[in-house]
Amino acid sequence: MFEQGHTRPWAERLPMPAADTLSEAQRKAAQTLLDGPRKGVFGPFIPLLQSPVLMDRIGSLGEYLRFDSQLDARVRELVTCAVAREVGNQFEWLLHSQAAVNAGVSPEAIEALRLGRRAAPLADDEQLALDFALELQRHHGVSEPTYAAAEARFGKQAVVELSALVGYFVMVCWVMNVAHTPGKAAEGQPGLDAFPL
């Protein structure tokens, strides 16, 4: 188990409520997740279950961005990893670092990103999306050259979706960081160390 939030003393603040304590709204929101592509209540949806209407709406947004966006899966997964690294979120890192490699991002680039280094080697579209995501997180916007390159490569719709993808994952990572929702790795899969390394 990898601790979330890098605070001491550490304890999970908003664990999964016992099934017999769930309200009707919470049960309905949980069932929606079970019936959808996620097939379970885990990660950010554990603390979000405290607000079932919010959980349902965030779940719908994430479902579109993760599974139906105009962006290639490689790009989506790499950008998600960049967000998880920037905000120190174990759960999203552990889930999406393997998904990024499975989608075709080089394992070397993912490991470099985990260590806080320049991710390489990357395909041109991966590098452009990563630059866009990091610039957006660090400066709360993107420069004209970065925007123009992203629009030329991905198109207007995908640039909007890329921006929303970054924002979505920052949001759910922050929810988990506050809630101390732990991440669980597969055997031998490294988590994130707190910055500075």
For Ser143, side chain to side chain donor-acceptor pair (under 3.5 Å) partners two or more places apart: Glu135, Thr146
Test salt bridge (charged side-chain N to carboxylate O under 4.0 Å, His left out) applied to Glu111 and Arg117, step by step: CA-CA 9 Å; Glu111 178 61 8; Arg117 298 182 185 146; over 6 Å; no
Do [X] and [Y] share a hydrophobic cluster, counting only Ile, Leu, Val, Met, Phe, Trp and Tyr and linking them when any side-chain heavy atoms are less than 4.5 Å apart?
| X | Y | result |
| --- | --- | --- |
| Leu14 | Val53 | no |
| Phe67 | Tyr168 | no |
| Leu65 | Val160 | no |
| Leu48 | Leu34 | no |
| Leu136 | Trp174 | yes |

Would the number of heavy atoms belonging to other residues, nucleotides or ligands and lying under 6.0 Å from [atom1] of [X] be above 12?
| X | atom1 | value |
| --- | --- | --- |
| Asp124 | CG | no |
| Lys156 | NZ | no |
| Arg27 | CZ | yes |

Chi angles and distances behind the side chain to side chain contact (heavy atoms under 4.5 Å, CB included) call for Leu192, Leu94: CA-CA 8 Å; Leu192 297 173; Leu94 293 166; over 6 Å; no
Side chain His180, main chain Arg13, donor-acceptor under 3.5 Å: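 No, because the side chain of His180 does not come within donor-acceptor range (under 3.5 Å) of the backbone of Arg13.
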Main-chain N/O of Ser23 paired with Gln26 side-chain donor or acceptor, under 3.5 Å: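 Answer holds: yes.
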Option passing side chain to side chain contact (heavy atoms under 4.5 Å, CB included) with Ser97 (candidates Gln189, Glu92, Arg85, Arg114): Gln189
To check you understand the geometry: which heavy-atom pair defines the closest contact between [X] and [Y], and what is its length?
| X | Y | value |
| --- | --- | --- |
| Ala109 | Leu122 | CB-CD2, 3.6 Å |
| Trp93 | Ile110 | CH2-O, 3.4 Å |
| Pro52 | Ala25 | CB-O, 3.5 Å |
| Ala82 | Leu130 | CB-CD1, 3.5 Å |
| Gly88 | Asn177 | O-OD1, 3.9 Å |
| Phe91 | Pro182 | CD1-O, 4.0 Å |

Within this structure, what is the [atom1]-[atom2] distance for the pair [X] and [Y], rounded to the nearest 0.5 Å?
| X | Y | atom1 | atom2 | value |
| --- | --- | --- | --- | --- |
| Met171 | Met176 | CE | CE | 10.5 Å |
| Asn89 | Cys81 | CG | SG | 11.0 Å |
| Arg57 | Leu61 | CZ | CG | 12.0 Å |
| Glu86 | Leu113 | CD | CG | 8.0 Å |
| Ile58 | Glu63 | CD1 | CD | 13.5 Å |
| Arg153 | Phe132 | CZ | CZ | 14.0 Å |

Val172 vs Phe45, side chain to side chain contact (heavy atoms under 4.5 Å, CB included): CA-CA, chis, key distance, verdict: CA-CA 9 Å; Val172 297; Phe45 300 103; 5.8 Å; no
Phe42 and Thr181: CA distance, side-chain angles, deciding distance, side chain to side chain contact (heavy atoms under 4.5 Å, CB included) verdict: CA-CA 9 Å; Phe42 52 83; Thr181 307; over 6 Å; no
Residue pairs passing the side chain to side chain donor-acceptor pair (under 3.5 Å) test where at least one lies in residues 66-82, sequence neighbours excluded: Ser69-Glu161, Asp72-Arg74, Arg74-Asp125, Arg74-Glu126, Glu77-His96
